[in-house]
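The analysis underlying the following values was restricted to heavy atoms, covering all of them including side chains, and did not include hydrogens, waters or symmetry mates.
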Amino acid sequence: MTKYEMLKKIANVSTETVTQKQVDAVLTALEAVVKEAVLNDDDVTIPGICKVKSKLVPEKTGIVRLGANKGGKWIKPEHKEATVKIIPALKKIFG
C-alpha cells in the first residue's frame, strides 16, 4: 500500500469528515514524534499496531574475508538501533 492509498483509506474509514490532507498532517506529525522519542530513548506504543523503542547494540569486530583488505580487521562501533515489536493482538490475525 502506498502512502497515497493509505491516506485515502484512512480518510474513507474515519467516522468524522477528515480530508486526506488532514490525515497526511497527522501521519507526518506521528513520524516526527516517533523519531524524536526513539532518539531520546523513549518507548512509543502505537495503539493496536506496534511498540517502537531504541536499543544499544554493542561494538562488533571481525576479519575482512574479501577484497583488497582481506585478512585485516574491521570494527563496527557501539550504536543505537530502533526496534519494532508488533502488538500480540495484531499477530493473532495471521494465525
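Here the shortest heavy-atom pairing between Thr19 and Ala11 reads C-CB, 4.2 Å.
One distance of note links CD1 of Ile10 with CD of Gln20; it measures 10.0 Å at 0.5 Å rounding. Atoms OG1 and CH2, from Thr61 and Trp74 in turn, are 6.5 Å apart once rounded to the nearest 0.5 Å. Here the straight-line distance linking atom NZ of Lys70 with atom CG of Leu66 works out to 7.0 Å at 0.5 Å rounding.
Residues in residues 55-66 take part in no salt bridge (charged side-chain N to carboxylate O under 4.0 Å, His left out) pair, two or more places apart or across chains.
With a 4.5 Å cut-off on side-chain heavy atoms, Asn12 and Lys8 count as touching.
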Counting only pairs under 3.5 Å, give me each side-chain donor-acceptor contact of residues 27-47, with atom names and distances, residues two or more places apart or in other chains.
| unit_1 | atom_1 | unit_2 | atom_2 | d |
| --- | --- | --- | --- | --- |
| Thr28 | OG1 | Asp24 | O | 2.8 |
| Glu31 | OE2 | Lys35 | NZ | 3.0 |
| Asn40 | ND2 | Glu36 | O | 3.1 |
| Asp41 | OD1 | Ser54 | OG | 2.9 |
| Asp41 | OD1 | Lys80 | NZ | 3.0 |
| Asp41 | OD2 | Lys80 | NZ | 3.0 |

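Partners of Glu78 according to the side chain to side chain contact (heavy atoms under 4.5 Å, CB included) rule, which considers only residues two or more places apart in sequence or in another chain, are Leu56.
Clustering ILVMFWY residues whenever any of their side-chain heavy atoms sit less than 4.5 angstrom apart, transitively, puts Met1 in the very cluster that holds Leu7.
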